[in-house]
Amino acid sequence: MSTAHTVVEVRDLRKRYRLGVIGGATLGDELKVLLARLRGRPNPLVPLDGGMDAQREGEHFWALRGVSFDVQEGEILGIIGKNGAGKSTLLKLLSRITTPTEGTARMKGRVSSLLEVGTGFNPELTGRENIYLNGAVLGMDRSEIDRKLDEIIAFSGIKHHIDTPTKRYSSGMKVRLGFAVAAHLEPEIMIIDEVLAVGDAEFQRKCLGKMKDVAGSGRTVLFVSHNMVSVMSLCDRVIWLKDGKVHMDGPTEEVVRTYLGSYTTMRSRVIWDEEAPGVPELKLREVRLDGLPADGVITTSDAFQVHVRFENLGFGEGEVVPAIHLLNGDDVVVMGSSVRDSLEPTTRFMVGTHEVCCTIPGDLLNVGEYRILVQFAHQGKVVLREAGTVAFEVHSTKRQGAWFGQRVGVVRPKLEWAVLG
Amino acid sequence: MNAGLKSMGEREGDWSIVIRPEQPWWRLDLKEFWRYRDLLVLLVRRDIVAQYKQTVLGPLWHVIQPLTTTFTFAFIFGKAAGLSPPDLPPVLFYMSGIVAWNYFAGVINRTSKTFVGNANLMSKVYFPRLVVPASMAVSSLVSYLIQLGTFLIIYGYYFFQGNDGWGPSPWLFALPALVALMALLGLGSGILVSSMTTKYRDLGFLVGFGVQMLMYASPVIMPLDRLSRIPWLLTLFKLNPMTPVIEATRAVFFGYPIDWGGLTYSAGVTVVVMLIGLMTFHRVERSFADIV
């Protein structure tokens with residue numbers, strides 16, 4: 001036996017779904033369709049505005065269009081992709097919740113899949129009873145649960161409420177209990193849907209510790225997630241699904257960065273020749289981002305510059321003051337800054353072309369989308385305001401402690417702290 | 001031997017799970033079903049426990065319902081209409097039929113909701129889907145046993161009060177076989193209906209009503225000999241696969257002759273219904289998550 005052997009083998013997996021309402025929801029609907037067909041009329045259930053396409057019977061949608069990959073024993077494989085790329089479909093197929101239209105998937109050993117925390121909980125049953133039920137649903141046998149019961153209860157941290165019906169639990173308690181059961185599964189292959197995204201920080205840390213144990217014990221994990229932070233810190237290898245196919249398959253860092261780069265809504269340079277925004281006396285010529293990381297992926301710790309080039313055509317007297325406003329995805333002005341912040345008060349932008357540069361420091365912006373608004377004032381009056389300039393996205397790929405979620409706040413500067421006693 | 005040959009030689013048996021588009025329906029994976037027996041037990045427990053939490057009378061409801069029905073039937077159909085056989089206390093006649101019928105009706109009513117009632121569970125996790133209807137057939141058995149116990153007490157009371165020549169037949173020990181027949185017939189029809197309700201919800205409404213109708217076409221209320229004057233109705237009754245089962249249940253309790261031909265017919269129908277049920281169930285369990 002070789003040391004690395006394949007425990008999951010997926011070959012040309014395809015899944016087709018029917019689109020829209022073609023089958024009747026009730027027997028009556030189905031009869032209507034049948035009647036219409038007998039009389040040579042179009043299917044009455046197909047919406048009229050659907051046009052020719054929708055009318056064609058057998059309107060299908062391929063959620064997976066030929067996915068193949070292998071997973072070696074002990075590997076932690078991340079599966080990423082945008083919504084609709086086929087992640088959930090793949091997950092459902094591998095979990096045997098639904099069946100492929102074509103292709104095969106073969107696995108070695110016991111498989112547990114975790115698409116939800118606390119599946120099958122019955123609100124009338126107590127926490128203890130639900131541990132047994134949930135465990136059995138996930139494929140544990142009774143003796144196994146008996147053996148781990150104390151550990152599960154301790155892990156969940158709700159020892160005092162374990163004999164209370166779960167309907168009196170808070171949602172957080174239910175999640176804890178569900179995860180506690182899941183964390184004590186001992187399958188050879190584990191399929192996980194981003195369940196880590198729940199719970200508070202302390203509980204997440206516990207879960208992470210447990211996940212690391214799982215990984216260390218040579219078990220194979222397939223981890224589907226949107227959360228690049230958890231993918232980066234957990235997975236050895238990542239598969240990027242796009243339009244129902246494997247778009248990229250490789251080491252985590254490489255795939256994740258390419259993935260982020262490809263989806264960034266970045267406009268790093270805007271140049272105006274004619275119809276430049278402004279007034280006759282002042283025209284905006286160019287706004288661009290500079291000093292970006294080589295792959296174009298800005299992470300929260302990266303610093304970069306915003307360059308603004310403009311031409312003074314006729315403001316001979318008085319000060320021209322360039323400024324930028326940083327707007328986030330919700331169009332909230334995160335901050336504004338003008339040359340007055342740091343340039344000498346005596347700096348003047350006389351008639352001619354000028355370029356100014358402003359550095360956005362690292363560890364300032366939180367994760368999200370941003371755009372920059374450029375504004376010029378002349379003698380205390382706003383003379384130019386242009387919102388359609390550069391835009392960029394800030395990502396986070398590094399984890400802070402055990403916390404997998406995003407840091408709160410519009411900004412996330414690193415502040416000075418001191419211990420005073 | 002080189003690596004290529006080795007992988008070529010890898011047999012299907014090396015893989016514990018093979019996922020592929022088509023799985024022949026007759027490949028009922030009993031080993032897999034057995035592996036999930038603990039789940040079956042827990043689902044039975046869940047059904048029983050959850051049903052009576054926050055009820056005052058709890059399992060007593062199992063007794064109250066059939067007793068009420070029995071006395072109603074005994075009064076209306078037995079005393080007032082004079083339909084029950086003259087040599088038997090009407091209460092015994094009706095209760096023996098009702099208890100058996102309740103089990104069959106319970107199984108079919110509950111298993112017919114297999115998919116619709118467990119949609120959430122089934123769209124989130126894999127387990128042999130047949131565990132769910134099977135657990136329902138088992139948990140209905142608990143209710144049946146309580147009702148049977150109640151019946152036996154009343155039966156004993158009447159028996160020792162003195163009887164007009166009725167008494168248990170030596171075939172009484174075969175009662176479990178009759179129960180098994182009812183369970184399979186109910187389960188088969190239930191999973192057939194449940195498979196169809198995933199597409200047509202209408203059927204869900206029809207089930208309760210249909211089972212009720214079926215009861216009126218069985219000897220639960222009307223002894224078969226009362227029907228000899230209306231041959232077409234008698235034929236209709238005899239077509240009901242539950243008719244021989246109810247008849248046989250009474251036969252073993254009251255010492256009547258057993259209609260073996262009728263029971264063979266019931267068993268035949270059960271096998272056919274079960275096969276069709278398993279076939280449709282198998283088809284639906286594989287695509288169910290896509291429909292819901």
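Here is how names work: the chains are called A, B, and so on, in the same order as the sequence lines, proteins then strands, and each is numbered from 1. Keep in mind that what you see is a predicted model, and the values were worked out from it rather than measured.
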Asker: Under a 3.5 Å cutoff, is there a donor and acceptor pairing between the side chains of B:Asn102 and B:Gln65?
Answerer: yes
Asker: Chain B heavy atoms under 4.5 Å from A:Thr101: which part of the residue, side chain, backbone, both or neither?
Answerer: backbone
Asker: Find out whether the Lys NZ or Arg CZ of B:Arg129 is both under 6.0 angstrom from the six-membered ring centre of B:Phe127 and within 45° of the ring's axis.
Answerer: yes
Asker: Where on A:Asp141 is there a heavy atom nearer than 4.5 Å to chain B: the side chain, the backbone, both, or neither?
Answerer: both
Asker: Do you know which of A:Arg96, A:Arg11, A:Arg14 has the most heavy-atom pairs with chain B at a distance under 4.5 angstrom?
Answerer: A:Arg96
Asker: Whether A:Lys15 engages the ring of A:Tyr17 as a cation-pi pair (distance to the six-membered ring centre under 6.0 angstrom, angle to the ring normal within 45°) should be assessed.
Answerer: yes
Asker: Does A:Arg142 make a cation-pi contact with A:Tyr132, if we ask for NZ or CZ under 6.0 Å from the ring centre and within 45° of the axis?
Answerer: yes
Asker: Say whether A:Thr166 and A:Asn130, considering side chains only, have a donor N or O and an acceptor N or O under 3.5 Å apart.
Answerer: yes
Asker: Which residue out of A:Glu102, A:Arg110, A:Glu129 racks up the most heavy-atom pairs below 4.5 Å with chain B?
Answerer: A:Glu129
Asker: Which answer fits B:Arg37, side chain, backbone, both or neither, if we ask what part of it has an atom under 4.5 Å from a heavy atom of chain A?
Answerer: neither
Asker: Need one label for A:Thr126: side chain, backbone, both or neither, based on atoms under 4.5 Å from any heavy atom in chain B.
Answerer: both
Asker: I'd like to know if the side chain of B:Ser195 pairs up with that of B:Arg283 as donor and acceptor (distance under 3.5 Å, no hydrogens or angles considered).
Answerer: no
Asker: With a 4.5 angstrom heavy-atom cut-off, which part of A:Val10 approaches chain B: side chain, backbone, both or neither?
Answerer: neither
Asker: Counting only heavy atoms closer than 4.5 Å, note whether A:Ile189 contacts chain B via side chain, backbone, both or neither.
Answerer: neither
